[in-house]
J.: 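First the structure, which I've put down as structure tokens, then a few questions once you've had a look.
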Number of protein chains: 2
Amino acid sequence: MAKLKKTSANPRKAPAQDRSRATVDVILDAAARILVKGGYAAFTTNRVAETAGVSVGSLYQYFPNKESLLGELMRRHVEELERGMVAITADAAKRPLAETIRALIEDNVRAHLVDPALHQVLSEEVPRLGPLDWRIAYGSRAAMRVRAALETRRSELAVGDLDLAVYLVTGAVESAIHDAVADRPDDLRSGALTEELTRMIVGYLTGKPLSARRSLRAAAE
Amino acid sequence: MAKLKKTSANPRKAPAQDRSRATVDVILDAAARILVKGGYAAFTTNRVAETAGVSVGSLYQYFPNKESLLGELMRRHVEELERGMVAITADAAKRPLAETIRALIEDNVRAHLVDPALHQVLSEEVPRLGPLDWRIAYGSRAAMRVRAALETRRSELAVGDLDLAVYLVTGAVESAIHDAVADRPDDLRSGALTEELTRMIVGYLTGKPLSARRSLRAAAE
DNA sequence: CGTGAATGCGAGCTATTGCTCATGTTATAC
DNA sequence: GTATAACATGAGCAATAGCTCGCATTCACG
């Protein structure tokens with residue numbers, strides 16, 4: 001294996017014509033398919049090019065190195081993940097806390113059910129890409145949004161250190177849902193996991209058990 | 001890179017003399033050091049042998065392939081992780097639920113503070129080793145133990161699906177602590193995270209907020 | 001058209017890896 | 001002391017890997 005030698009920080013050419021934009025897409029599609037099918041071990045630039053039906057040369061015309069391929073794949077994924085969250089946290093001040101939290105969890109579940117296999121490989125098997133890694137960037141941005149949302153309802157909260165609480169809560173939700181994609185897909189789809197998670201989080205944050213949950217759910221719809 | 005060709009399921013020789021037992025240890029030590037220092041990318045059999053001060057030949061006398069090196073490293077780590085948990089869950093019937101849960105969390109924190117760097121590389125960067133992977137095996141055994149412990153106090157629980165609850169709770173604890181090793185080491189060491197986690201979990205499981213927590217902690221000591 | 005730029009090609013270079021094997025050295029058994 | 005098994009060595013093989021570069025093809029546009 002030639003050691004990824006940081007090929008002189010090469011910002012490769014951006015596609016200008018339609019033909020090349022299609023090439024870029026076809027390459028990324030192939031990359032995703034390979035990751036899903038064979039994991040990171042199968043992810044070689046030669047194989048990606050072959051699967052995409054283009055030559056390695058073309059691949060390296062738009063991606064300076066193998067790492068950047070992963071980077072772009074991750075970027076696109078995060079974009080999708082963040083869309084919903086922004087909308088929900090923006091409305092936090094107008095709605096009851098429990099409702100916002102349930103909405104966030106539901107949205108997270110929904111996002112994780114889109115191409116779950118790729119999502120999983122990307123976050124479990126792909127080596128860390130340094131401090132610019134999407135997981136870190138996404139995680140901290142998500143935490144900031146949730147923190148801001150919770151702050152609009154500070155009086156309802158029964159936690160001391162809000163930062164710590166946000167850290168705990170976002171981490172728990174993210175990881176529970178993420179793991180459940182592989183381990184408990186039925187509970188994910190049925191909403192059972194959403195239900196329990198919501199109960200756990202709301203109870204923790206407000207200090208009061210969320211018992212009238214059925215009615216709350218009805219009210220939210 | 002020669003593709004790990006499952007070298008004919010070779011069970012290598014086990015060390016018989018003291019000299020060779022020392023060799024095995026020195027190899028595993030070097031392997032751990034390399035993983036911690038350079039991550040999985042730096043983990044090559046040649047480098048491990050060199051760092052250990054032995055030849056590759058000697059390495060392959062005791063480990064059939066690179067994978068098995070990781071396997072042994074993981075096995076030793078899990079052994080350490082499980083020791084405390086077994087003791088605590090065994091006593092679950094005799095103690096209040098909240099106390100058992102706090103003890104489990106505290107023990108998990110303690111375990112994660114032993115060689116945290118190695119623990120992290122092992123669980124984040126090392127490729128999955130198939131269905132025999134330690135993470136899966138360990139996770140499901142841990143879940144079984146916790147489930148059995150909770151069952152001895154079923155009447156205090158306010159959850160419907162105990163399996164789901166155990167899944168949620170063990171996952172949340174494990175991942176929160178794991179992430180906190182990297183993100184919030186101070187909260188981990190100060191006990192703040194233990195405190196909040198315990199509150200969250202006990203509240204969720206019993207349906208009652210754990211408010212008199214200070215006194216509970218005092219009683220546990 | 002024709003010309004330069006954009007795009008595409010793929011053989012093959014260089015580096016490195018996992019692992020073997022022929023050979024040497026040390027311990028144990030008798 | 002000698003034979004046998006355990007242990008150790010390290011040059012080097014086979015297999016890839018990431019990536020380059022000289023050249024071919026296609027496009028935009030006058």
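A note on names: the letters A, B, ... follow the listed sequences, proteins ahead of strands, and every chain is numbered from 1. Note that the structure is a prediction, hence the values are computed from the model and not measured.
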J.: For the pair made of CD in Glu67(A) and C1' in dC19(D), what is the distance, rounded to whole Å?
T.: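 Value for this atom pair: 14 Å.
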J.: List in chain and number order the residues that pass side-chain contact (heavy atoms from CB on, under 4.5 Å) with Arg110(B), two or more places apart in sequence or in another chain; answer none if no residue qualifies.
T.: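 side-chain contact (heavy atoms from CB on, under 4.5 Å) list for Arg110(B), sorted by chain: Glu80(B), Asp107(B).
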J.: Just checking, Arg184(A) and Tyr167(B): is the charged tip under 6.0 Å from the six-membered ring centre and within 45° of the axis?
T.: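 Geometry flag: set, cation within 6.0 Å and 45°.
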J.: If only side-chain N and O atoms of Tyr62(B) are considered, is one of them under 4.0 Å from the OP1 or OP2 phosphate oxygen of dA8(D)?
T.: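 Yes, such a contact exists.
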J.: Enumerate the residue pairs fulfilling salt bridge (Lys or Arg N to Asp or Glu O under 4.0 Å) with a member in residues 163-176 of chain B, sequence neighbours excluded, ordered by first and then second residue.
T.: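 Every pair satisfying salt bridge (Lys or Arg N to Asp or Glu O under 4.0 Å) with a residue in residues 163-176 of chain B: Arg147(B)-Asp163(B).
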J.: Sequence neighbours left out, what passes side-chain contact (heavy atoms from CB on, under 4.5 Å) with Thr152(A)? Give chain and number order.
T.: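 Scan of Thr152(A) (side-chain contact (heavy atoms from CB on, under 4.5 Å), adjacent residues dropped) gives Ala92(A), Ala93(A).
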J.: Taking the side chain as every heavy atom from C-beta outward, state whether Met85(A) and Arg141(A) have any atom pair closer than 4.5 Å.
T.: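 A side-chain contact is absent here, since even the closest heavy-atom pair is not under 4.5 Å.
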J.: Over how many whole Å does the gap from Lys66(B) atom NZ to dC19(C) atom P extend?
T.: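 Computing the Lys66(B):NZ to dC19(C):P distance gives 8 Å.
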J.: In chain order, what residues pass the side-chain contact (heavy atoms from CB on, under 4.5 Å) check against Ala22(B), with sequence neighbours excluded?
T.: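 Here no residue qualifies.
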J.: Going by heavy atoms closer than 4.0 Å, what residues in residues 41-55 of chain A are next to DNA chain D?
T.: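 Phe43(A), Thr44(A), Thr45(A), Asn46(A), in order of number.
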J.: Round to the nearest Å and state the distance from Asn65(B) atom CG to dG18(C) atom C1'.
T.: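 It is 9 Å, rounded to the nearest whole Å.
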J.: Report the residues that fulfil ring-ring contact (aromatic ring centres under 6.0 Å, His included) with His119(A), sequence neighbours left out, ordered by chain and then residue number.
T.: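 Once residues adjacent in sequence are excluded, the partners of His119(A) under the ring-ring contact (aromatic ring centres under 6.0 Å, His included) criterion are His77(A), His112(A), His178(A).
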J.: Run the salt bridge (charged side-chain N to carboxylate O under 4.0 Å, His left out) test against Glu72(A) and tell me which residues pass, sequence neighbours left out.
T.: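 Salt bridge (charged side-chain N to carboxylate O under 4.0 Å, His left out) check on Glu72(A) returns Arg75(A), Arg76(A).
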J.: Rounded to whole Å, how long is the line connecting atom CZ of Phe63(A) with atom P of dT7(C)?
T.: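 Going from Phe63(A) (CZ) to dT7(C) (P), I get 13 Å.
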J.: Write down the distance between CG (Leu59(B)) and P (dT17(C)), rounded to a whole number of angstrom.
T.: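 Roughly 14 Å, once rounded to whole Å.
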J.: Looking at residues at least two apart in the chain, or sitting in another chain, which of them share a side-chain contact (heavy atoms from CB on, under 4.5 Å) with Ala103(B)?
T.: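 Partners of Ala103(B) under the side-chain contact (heavy atoms from CB on, under 4.5 Å) test: Ile88(B).
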J.: For Tyr40(B) and dG18(C), what is the distance between atoms OH and C1' respectively, to the nearest whole Å?
T.: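 Distance, rounded to whole Å: 11 Å.
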J.: Under 4.0 Å, heavy atom to any atom of DNA chain D: which of residues 17-26 of chain B qualify?
T.: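 The answer is Gln17(B), Arg19(B), Ser20(B), Thr23(B).
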J.: Which nucleotide in the list dC9(C), dA8(D), dT17(C) gets nearest to the side chain of Gln61(B)?
T.: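 Taking heavy atoms from C-beta onward, the closest nucleotide is dA8(D).
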J.: Rounded to whole Å, please give me the gap between CG in Leu70(B) and C1' in dG18(C).
T.: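 For the pair Leu70(B) CG and dG18(C) C1', the rounded distance is 13 Å.
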